Structure formats: structure tokens, C-alpha cells
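Presented below is the structure to which this report refers.
These numbers come from the heavy atoms of this one structure, side chains and all, not from hydrogens, waters or symmetry mates. Quantities reported herein were computed from a predicted structural model and do not represent experimental measurements. Below, chains carry the letters A, B, ... as their sequence lines are ordered, and counting in each starts from 1.
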Number of protein chains: 2
Amino acid sequence: MVKVKLRDVAEAAGVAVGTVSRVLNRNPTVADPIRRKVQDAIAALGYELDPVAQSMRGGRTRLVACAIRDFDIPRFGIFIKEAEQVLRAHGYTLLLSSTTNRPEVEVELLRAFEGRKVDGVMMTVSDEGDPDVIAALAAARMPVLLIDRDRIESADRVVVDHRTGAALAVEHLLGLGHRRIAMLVGDTKAYPSRSRVQGYRDAFLAQGAAPMPHLLRDRVLTPEDAFRETMALMGLAGPPTAIFVAAMDMLGGCIRALRTLHREVGKDVSLVAGADSELAELHAPPVTAIAWDLAEMGRHAATMLLQRMAGEAADAARCLTLPTRLTIRQSCTAVAPPAAGG
Amino acid sequence: MVKVKLRDVAEAAGVAVGTVSRVLNRNPTVADPIRRKVQDAIAALGYELDPVAQSMRGGRTRLVACAIRDFDIPRFGIFIKEAEQVLRAHGYTLLLSSTTNRPEVEVELLRAFEGRKVDGVMMTVSDEGDPDVIAALAAARMPVLLIDRDRIESADRVVVDHRTGAALAVEHLLGLGHRRIAMLVGDTKAYPSRSRVQGYRDAFLAQGAAPMPHLLRDRVLTPEDAFRETMALMGLAGPPTAIFVAAMDMLGGCIRALRTLHREVGKDVSLVAGADSELAELHAPPVTAIAWDLAEMGRHAATMLLQRMAGEAADAARCLTLPTRLTIRQSCTAVAPPAAGG
DNA sequence: ACGTCTAAATGAACCGGTTCATAGTATGGT
DNA sequence: ACCATACTATGAACCGGTTCATTTAGACGT
């Protein structure tokens, strides 16, 4: 069974190939009787358009690329799933790569996507200040939407309000009397960790208290890092009375360390997770966590990108901020205020 | 800056377009001096091959599609990540869709992938007996590798030995004296749940004990299902003394129900998870779980598909089985044997 | 009946590669 | 000197659509 092509349809319908193409593209300059005749021929022959050939001339591939740090970030699948759903409903196919959080890979992927003539990209970048990445982003011929990054203002962005979330978390801890509040964050070269650090500072300043720089540990990128930093923090002379595990999926590493040290969550040390998870919810005691809607984030990202690709978006880049909330559970308890005398 | 094409390179190097193409394709019928001249011209002009144009004639798109039930299955990202890594190293780009576990979507996606001329597919199917899906699979022009499905023997497959895993889990429980062992599985129309049920039966038969059909609940597909079924099971006149939560990410739902009922894991009821997770590891008490290597599974799937696409694989379809192991933790305790007298 | 307009259909050029039949050039044998 | 035999380069056809300058036909006015 050989493939049916435009020419065969044209022949069957007794018209020119260009006419069939115009019918397929809903070009209004084709009369009704002819249109019907062509559509009948298409149905009769079971003709299907070849997307590759279509891309050849026009340039539109109906492909959208998505590149993020790492696909095994728990719950990030929700973002992908929802975005893919929206895109597919609009005839787009999703293309996936992981950047492994390396700028050179990000640049390389951007070039590869461009080579493949994708119609749009949604991605994260590991360092919002990297000149090569910024240049690659600026040079890209297709619209790029940044996921949870805010610095590169020439691109559309969907971001989470981590700053407020972190501030709520730290305020909560300060309100319970904690002062030695440790924080584990990822790389502050990217928005999420950067804004969480801001939120941490906001909360301290609002209370007139001074944040403690030595309790703020950044570049916590793997569960092993979280384990190690927690061990180190708890071994300090003045160990933290509360830990804010602000990175995406580092809660496990921290809990593992506390368990190793036989420190009880909510008793020996209070705990807040920077991202909600089943682990946070079902841990004993359940862990207070910052939450936001990843499904909505995925849908918004896809929708904004679709609008940009369709040329429906305003000229200026848009930035959508998703709210965070603090889900208070049982992992944080009050500490006695320090003995007076200072 | 206009795009550099083959013709420009040919002109710069003073050769024919066909010659440049042969250089690019490492065709041996081109003499060294010419090859060098062409390569210099390519470098000088910064020429890059257009994958779309390349696909036009040859048909190879260097695209591999992956379609699974749902991307928010925790830890499944590991499979995707590793597979993508291997594929990208070989010049392939991964294309992603979720089937939402519906046969008609599976058929539709298969047709869409074919239309896009992808070079290979790796996917799950929701019902290995569905005639439409089987027909679509047989009609596919590109190689398809099935993920954790074993019934359709005309395709390459990468499967997990859930049967042995489940048998180990149930043997462990039987060995602790449990008889009323409940099992929560997904849809037995697909291999994972089907083989887990087999393993469950294997273990009972090996002990000369009779499995209890009313404690075996299938079609548990969402955490809510798991919650509901656990509630129902624990409300029975003769409630189970152990629950084997055999579906992929249903552990949370089950634990939530037990917590609601104030039943303590490892005391009031023993628990085994059918798939390991951070939740299982860090729950209090830690939950005994069946584990396997998802990263290796992803790498194997990609490698097998690459071999098949390259025509390097043997004619017959291959099926690779990954081993499972039982990680014993503290969620299972012995029950007193029933009072003698029967 | 004739010119003018407009609407609709045509078909060839084009997108940017790959491939293959053909031609041209050395090399070696006699 | 001449033919056979590689070996190498050429360039046109081709993949399957889209697009646009051009042609054709029909309607209308006078």
C-alpha cells in the first residue's frame, strides 16, 4: 500500500495540486462545489498530510521543545503532563531534553531546537547571568518561555512566588521563637533559590532580627548535599533550632540526616519544606511545607507560549507569577525564648 | 544573516552539491583533498545541516517518541531521563506524550507518530488485549518497544519481574504468619498488575495456603482509589492483617487511609509497597518495598530501540527482564498464628 | 457585441537536502 | 599506443507539500 499524496487527491478530484492545498489550508478563494469534491476525494483515498513536507516550505513544525534541569524531580512531571496536554490539544507535539543544569548544554540544546525548527521552547536556565546563555536566548529565532526564571526580561516567564513563600515559612518559625533558622537552598544563580533567600531576609528584617549567614547554605543540589549540610549544621556549636529545606526535592536528604543523628522532627528541630510532597504530607510528624499549583503552572506555560507563537501576545514579554501558600502541619514547635540578659 | 545552505558550501568549495552531501554523509567515494576543501568551506561558512530537509527525502527524522500513561508517576522521570540521555548521545531527540491510559489515545498517538515519521517508539499500552491497539502496533512502520508489557510478542520489550517481586513480598508476609493478606493492584489488563497477581498466587500456593479473592482489589488506579479500597478493606468483618500496595504510586493513598482509621503501620497492620520510594524509605516506620532499577530500565529501553532502528538487532523480538528485590524495612511484623482447632 | 472587473483555478518554482545514472580521469596491462 | 577497469565527481530528478504570478471564466455595464 503506497502512500497517498496530494497529487493523487488532485487527480481523483480532477483539480490541480494547488487547489487541494488551498482546501487543506482553508483558503477562502476556493468555491464550494470544488471544496466538497476535494474533501470527498480526501476522505475516499484516506489522504493524510505529511508534516515533514509541510515543514519544508513553511517552516512551522508544530513542535515545541521543553528542557529542564532534570526529569526526575518529583512532581515536575505534573507540569510536563499538563503542558503537553494543552499543546497536543492545539496540534503541537512536545519534545523533551534535560539540561543537566549545565549552561553549555543549554546553549547546545537551544541551537539544536533551532536546527529542528521547533516553533517554541519552554525551558529553565541554570544561571540567569551566563552571557552565552543570554546571547543564545536573544539569538533564538523562535519564542522561548522561561520556567521559574525572572531575570531575562526579554522572554515570557512563568514564575512561582518563592519569595513570599519563603518569607511566610520563616515568619512562621520566627513567630514560634526560633532565631537560629538554617536554610538549605540550591544555586542562587537561578531565580528560585535567589528569591527564597530574599524571602528569608525579608522575614528577618520585618521582625527586626538579624539573619545568620553561617546557617544559610546554598548550592545544595542533590539529596546527598542536603544530607551532608544537615549533618554539618547540626554539628555546629550553636546548631539551628529550625531548618528550612528550601530546595525542590531535598527534604528526603535532610530527614535522613536527622534520623541518622537521632534528632526528632518537631521536637529537637523544627522543619519546613520549600516544596510540598507526599513525603512532607505523610511523614511523622507531617512536615509544614510551601505549596503551589504545578498543574496550573504547566497549563499557563503552554498557553502563554501558544499565544506567543500565534502572534496573539502583546509585544512586550509577559511574566506570570503563581502564588504560594504555607501549609502548616506538625513539624514546627515553639522554642523557649533565650534567657534574658543582653 | 541568511541561512547557509548546501549550495553555498558547494560554490565556496568549488564542487557540486552532491559532493558536499557525500562528504557530510561520510560516503567513502570522495577523495581526501576534496573532502578537506569541503570541510574547510563548511567550517568557514558555519554551515549546518537542516534536519527537516534531510528527513524529506530519506525518511529518517532522528526522532523517537515515548508515550506512557501519565508523567506524574513519581520516579518514572528517572526512566525518561536516562532514556533521553542515551538517545541524545546518538543524535536522537525524544518526543513525549501521555496516553492517559486510554486505548483510543494510544492508537491515535501511534498514527500521529507515524505521520511525523518518527524513527522509533517506546510506549506502554493500557490493555494488552485490545484488538485496535494490537492492530495499530502491527501496522506501525517503525519499530516499537513496549515498556513493562509482555503480551505482544512481536515487539521488543523491557519488563520488570514483578511476579517474583510480588511473590517475595507475599512469602515474607506469609512467613510472618499473615494469612489475610490484601493486595491493591491496578488494571490486570496490563502486565504489571497481571504479573503481580500471579506472584501473589505463587506465594500462597507454594505455602499450600489459599489466596483470598475478596482481599484482592484490582483497578486501583489513583491515590483516591487506594484510599477508598483501604478504608473498605479495613472495615471488613475479617480485615486483612497485612496490605500489599502493589500499584506504582498508591502507597500514599493507603497510608492516608490507615492514618484516618488510626491504624498503626507495623503494629495494627503490616505493609509492603510494590514500588520503592522516598515515602516508603522515610515513613515511620520505614515501609518494606519491592525495588528495581528504573535508570537501568531507561538505558536498556533506549539501547534496544537504537539497535532495532539501526537494524543491528536480531530478527526476532527481544524481551529483557529486569530483576526485582525486596527491601525489608520495619513495616511488617509477625502475627500470632490463629488459635488451633480446624 | 465588446471591454472591464472580479473571482477562482492553474501549474511551475521553491524549500534544502539525497541519490543515482552518467561522465570524466587515472592507472595498469598488453 | 590502446583498451579495460577502477575510482571519483557531476548535476538533475526527487521527496511532498506551499505559494504566487498567470490564466481562465463569468458577471456586469453600456
(message) Using the salt bridge (charged side-chain N to carboxylate O under 4.0 Å, His left out) criterion, which residues pair with B:E82? Sequence neighbours excluded.
(response) B:R299
(request) Please list all pairs passing the side chain to side chain donor-acceptor pair (under 3.5 Å) test where one or both residues lie in residues 41-50 of chain B, with sequence neighbours left out. (result) A:R111-B:E48, A:K117-B:D50, B:K3-B:D50
(message) If the helix axis at each end comes from five base pairs, how far does the helix from C:dA1-D:dT30 to C:dT30-D:dA1 deviate from straight, to 10°?
(response) 50°
(request) Identify the heavy atoms of B:M297 and B:W292 that sit nearest to each other, and give their distance. (result) SD-NE1, 4.1 Å
(request) List the atom of B:T61, the atom of A:V52, and the distance in Å for their closest heavy-atom pair. (result) CG2-CG2, 4.3 Å
(request) Would you check if A:I152 and A:I134 make a side-chain contact, meaning some heavy-atom pair closer than 4.5 Å? (result) yes
(message) Would you compute the distance between atom CG of B:L45 and atom CG of B:D40 and round it to the nearest 0.5 angstrom?
(response) 10.5 Å
(request) For residues B:I80 and B:C66, report the shortest heavy-atom separation together with the two atoms involved. (result) CD1-SG, 4.0 Å
(request) Under 4.0 Å between any heavy atoms, over every strand shown, what does A:V15 touch: base, sugar-phosphate, or nothing? Just pick one. (result) sugar-phosphate
(message) Run the salt bridge (charged side-chain N to carboxylate O under 4.0 Å, His left out) test against B:D127 and tell me which residues pass, sequence neighbours left out.
(response) none
(request) Between B:V30 and B:M56, name the one whose nearest nucleotide on DNA chain D is closer to the 5' end. (result) B:V30
(request) Hey, could you give me each pair passing side chain to side chain donor-acceptor pair (under 3.5 Å) that has a residue in residues 12-23 of chain B? Not counting sequence neighbours. (result) B:T19-B:R22, B:S21-B:N25, B:R22-B:T29
(request) Give the first and the last nucleotide of DNA chain C, reading 5' to 3', that has any atom under 4.0 Å from a heavy atom of chain A. (result) C:dA8 to C:dG16
Between side-chain atoms of residues 86-95 of chain A and protein atoms elsewhere (two or more places apart, or another chain), which donor-acceptor pairs fall under 3.5 Å?
residue	atom	partner	partner atom	Å
A:R88	NE	A:E84	OE2	2.8
A:R88	NH2	B:S98	O	2.7
A:H90	ND1	A:V86	O	3.0
A:T93	OG1	B:R116	NE	2.9
A:T93	OG1	B:R116	NH2	3.3

(message) Any residue in residues 4-14 of chain A with a heavy atom nearer than 4.0 angstrom to DNA chain D? Just list them by number, or reply none.
(response) A:K5, A:L6
(request) Start with the C-alpha gap between B:L137 and B:M123, add the side-chain angles, then the distance that decides, and say whether side-chain contact (heavy atoms from CB on, under 4.5 Å) holds. (result) CA-CA 11 Å; B:L137 244 20; B:M123 70 186 296; 4.3 Å; yes
(request) Just jot down the salt bridge (charged side-chain N to carboxylate O under 4.0 Å, His left out) partners of A:D150, sequence neighbours excluded, or say none. (result) A:R194
(message) Just to be sure I understand the geometry, which residues of residues 39-48 of chain B put a non-hydrogen atom under 4.0 Å away from DNA chain C?
(response) B:Y47, B:E48
(request) Might you point out which heavy atoms bring B:M304 and B:V158 nearest each other, and give the distance in Å? (result) SD-CG2, 3.7 Å
(request) Please identify each residue that fulfils salt bridge (charged side-chain N to carboxylate O under 4.0 Å, His left out) with B:D72, with sequence neighbours left out. (result) A:K81
(request) Determine the minimum heavy-atom distance between A:V159 and A:R149, stating which atoms define it. (result) CG1-O, 3.5 Å
(request) Using whole Å, report how far CD1 of A:I34 lies from P of D:dT24. (result) 16 Å
(request) Tell me which residues in residues 17-24 of chain B put a heavy atom below 4.0 Å from DNA chain C, sorted by number, or none. (result) B:G18, B:S21
